[in-house]
Amino acid sequence: MSKTMSDTGPTMRVSLEGHIDLRSVTGFLERWPDGVTAGSRVLVDAAGVSACDSSFVALLIEWLRRARRCGATLEIARLPQQALALAQLYGVDALLPLAPESAGT
């Protein structure tokens, strides 16, 4: 995780890698960055996710809830097509705040 500052507050970047499934998702839940406060921006870079199941979609929705609870924003960059297809299948794709250039990469 890295942290930078912008005019609107700190941006915290979380890069995800590997398999995210029912067995591994708990470890990824713990990667929520410390110090997220009102005005923070959490940028989740999912380019390194090599495989996933619906647990990954649930992780992203949980992180979105955490961000909203503390007044921060969350954006997802480079969401793998597999994860986007799962989100569409379950009807939650509209909930995921995707970076405009990254949907379904």
Side-chain angles (χ1 to χ4, degrees):
M1 196 224 22
S2 63
K3 183 176 178 179
T4 59
M5 291 297 290
S6 71
D7 293 338
T8 58
T11 296
M12 297 161 186
R13 183 182 181 95
V14 180
S15 297
L16 300 177
E17 298 176 347
H19 265 64
I20 302 179
D21 57 21
L22 188 57
R23 291 183 184 177
S24 66
V25 74
T26 302
F28 286 97
L29 273 168
E30 297 169 359
R31 295 193 56 198
W32 178 252
D34 291 331
V36 176
T37 59
S40 297
R41 176 177 174 247
V42 178
L43 177 62
V44 178
D45 184 349
V49 175
S50 55
C52 63
D53 65 13
S54 60
S55 301
F56 179 44
V57 176
L59 169 73
L60 295 174
I61 291 172
E62 172 57 23
W63 280 4
L64 179 60
R65 285 186 192 123
R66 290 181 187 185
R68 287 181 177 169
R69 265 195 310 260
C70 65
T73 60
L74 181 127
E75 186 174 355
I76 303 162
R78 304 189 288 184
L79 184 67
Q81 181 59 43
Q82 180 182 10
L84 181 59
L86 286 169
Q88 290 169 337
L89 177 68
Y90 296 118
V92 297
D93 54 306
L95 298 176
L96 301 178
L98 302 179
E101 71 282 356
S102 68
T105 58

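The chain is numbered in sequence order, starting from 1.
Cluster membership check: L43 does not share its hydrophobic cluster with L64, using side-chain heavy-atom separations under 4.5 Å among Ile, Leu, Val, Met, Phe, Trp and Tyr. Cluster annotation: L89 is connected to L84 through the hydrophobic network of ILVMFWY side chains, with a link wherever side-chain heavy atoms come within less than 4.5 Å. Hydrophobic clustering (side-chain heavy atoms under 4.5 Å, transitive across Ile, Leu, Val, Met, Phe, Trp, Tyr) groups W32 together with V49.
The side-chain hydrogen bond (donor to acceptor under 3.5 Å, both in side chains) pairs that include a residue from residues 86-95 number zero, where partners must be two or more places apart or lie in different chains. Sorted by first and then second residue, the salt bridge (Lys or Arg N to Asp or Glu O under 4.0 Å) pairs with a member in residues 18-30 form an empty list; sequence neighbours excluded.
Interatomic distance, T11 OG1 to E75 CD, rounded to the nearest 0.5 Å: 9.5 Å. A distance of 10.0 Å separates OG of S24 from CG of L29, quoted to the nearest 0.5 Å. Within the model, atoms CZ of R78 and CG of L16 stand 11.0 Å from one another, a figure rounded to the nearest 0.5 Å. If you take CG on L86 and OG on S55, they are separated by 9.5 Å, rounding to the nearest 0.5 Å.
Scanning both residues, C52 and Q82, for their nearest heavy atoms gives O-NE2, 2.7 Å. When all heavy atoms of P97 and L74 are compared, the closest pair comes out as CG-O, 3.0 Å.
Put simply, the side chain of R31 gets close to the backbone of S15: a donor and an acceptor are under 3.5 Å apart.
Counting heavy atoms from C-beta on, the side chains of S50 and E17 never come closer than 4.5 Å.
When each of I76, L95, V92, I20 is paired with L60, the side chain to side chain contact (heavy atoms under 4.5 Å, CB included) condition holds for I76 and for no other.
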**Message:** side-chain contact (heavy atoms from CB on, under 4.5 Å), that's the test. Do F28 and V14 meet it? Break it down for me.
**Reply:** CA-CA 10 Å; F28 286 97; V14 180; over 6 Å; no

